[in-house]
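Not measured: the values here are computed from a predicted model. Within every chain, numbering begins at 1; the chains are lettered A, B, ... in the order of the sequence lines, protein sequences first and strands thereafter.
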Amino acid sequence: MPVPETVDEVLDASGLQCPLPLAKTAKALNGLAAGSVLKVVATDEGSVLDFQSWAQGSGKCELLAQEKSAGDDGKTRYIHYLKRK
Amino acid sequence: MSAETTVIGVPDFDRVLLGEGGTQACLLDVRNPIDALRWRPEGPGIEGYANVPYFDFIDDEDEAFERVPDASLYYVLCAKGQSSDYVAGLLRDRGLHALNIEHGMNGWAAYHRAVRVSDSSDGFTIYQFARPAKGCLSYLVVAGKEALLVDCSRYADVYRAFAEQLGVRVVGVVDTHLHADHVSGSAGIAKELDAPYHLADEDAQGSALDRVAIPRSFELEDVNVRVLSIPVPGHTLGSTALSVGDRYLISGDTLLPDGVGRPDLGNKAREWTGLLYESLHDVLAKLDPRTLVLPAHVASSKQYDDKGACVRQLGDLLSKQPAADREAFLEKVSSLVESTSQPPEYAAIRKVNLGEGAAAKIEELEIGVNRCALVGAES
């Protein structure tokens, strides 16, 4: 799925290990209005599958897209775009 | 166990799985369902199992708790041991007895259990290393101050530390065959310990591996124990069993607790099945049936004894073979080959073990229990 053109909020979860990237994402989503898009940047590779499974089962959000890119520090960034339901 | 205990190390958890704890506990797996389905620790000491992902607890704690089965004790598992620590804390907050499995599946995948499998009267010692997550078995044969290592996993530190603790010098490292289910550590540890690495010519396939052929025999500590090599082609063309002190047989994948090693890895199943039949019938069946077989794999945790070892009598294993008659054996094995698919990652693992593949993503390649055995009809 294409990366959304506009993002309402960005959460930097770089350097955090699970469960923190997802726990902070859930908290951030709670503060957003329905339809808002949250971009989450993580370094934990496990977040890719976890976000997929979570979004599938959760009524709170929809996973719009995921992408991978190299960060300035050389570490891979796993980026997730979520829409608040 | 004190009231403050909140974590269990992998070696202690292994003893729980083997049933030493006595308490029938529940394994609460908080990984995502995809990873949870791929592999998990198993054993007679665990009664209940539930997969309730940690993010379900984050989303709606009460709803997640409804899916936690009743148990007197919970072992909580995740990929690395952090999300499970969080969930174990939630369980304890509700007055439940919960322990976090330290380092999670990463720790479990790397764990090796060492069990002495020889008798004290033998004059030599054989240690079996079981890597329960994969069902892989490796061996250290010790005579005096010399030792031979067989079928090492890629966790070389395990063997190096063990040999150091015993104060023995590793004089050779052998792979009984080119492994397809796990990344071999044999060549690497041989180099580190400045010992020769042995793999049969047929399996080395002209690769650039730094190795030497398997000699007819190894002599440890001036022939205190003689290890004889017995070619047993079939699972691979170079498969070699090692007879130790005429009493034990390190059988590689030729003979396994529940069957024989699959002969289809070279994509010449018909031809190799014939070789396998001859290896079993004309070679191994000529040995003393009381010989104790030390295989390279178990297919399930049920194949360990209460010490966590897997040792079988040769006569018993041969009597469970798919068929005694050659034609019936060929037919039976070919139907088993058709019904037991070869995991797709095996080709990549073989390349890594020939020193050709990139070592990246080894953890991914190794996910899942081995599928080396064709399960015999009798077992």
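- Both the backbone and the side chain of A:Ala23 come within contact range of chain B, each with at least one heavy atom under 4.5 Å from a heavy atom of that chain.
- Ranked by heavy-atom pairs shorter than 4.5 Å toward chain A, the options B:Val30, B:Ile34, B:Val87 are led by B:Ile34.
- Shown here is B:Asp70, whose CG atom has no more than 12 heavy atoms of other residues, nucleotides or ligands within 6.0 Å.
- Going from atom OG of B:Ser83 over to atom CG of A:Asp50 covers 7.0 Å, rounded to the nearest 0.5 Å.
- Top candidate by heavy-atom pairs under 4.5 Å with chain A, chosen from B:Asp60, B:Asp56, B:Asp85, B:Ile58, is B:Ile58.
- Few gaps surround CD on B:Glu61; more than 12 heavy atoms of other groups in view lie less than 6.0 Å from it.
- Of the inter-residue distances, the one linking B:Gln82 atom CD with A:Asp44 atom CG reads 8.0 Å to the nearest 0.5 angstrom.
- The one candidate from B:Phe55, B:Tyr86, B:Tyr54 that meets the side-chain contact (heavy atoms from CB on, under 4.5 Å) condition with A:Cys18 is B:Tyr54.
- Heavy-atom contacts from other residues, nucleotides or ligands closer than 6.0 Å to NZ of A:Lys27 number 12 or fewer.
- Within a 6.0 Å radius of NZ in A:Lys24, no more than 12 heavy atoms belonging to other residues, nucleotides or ligands are found.
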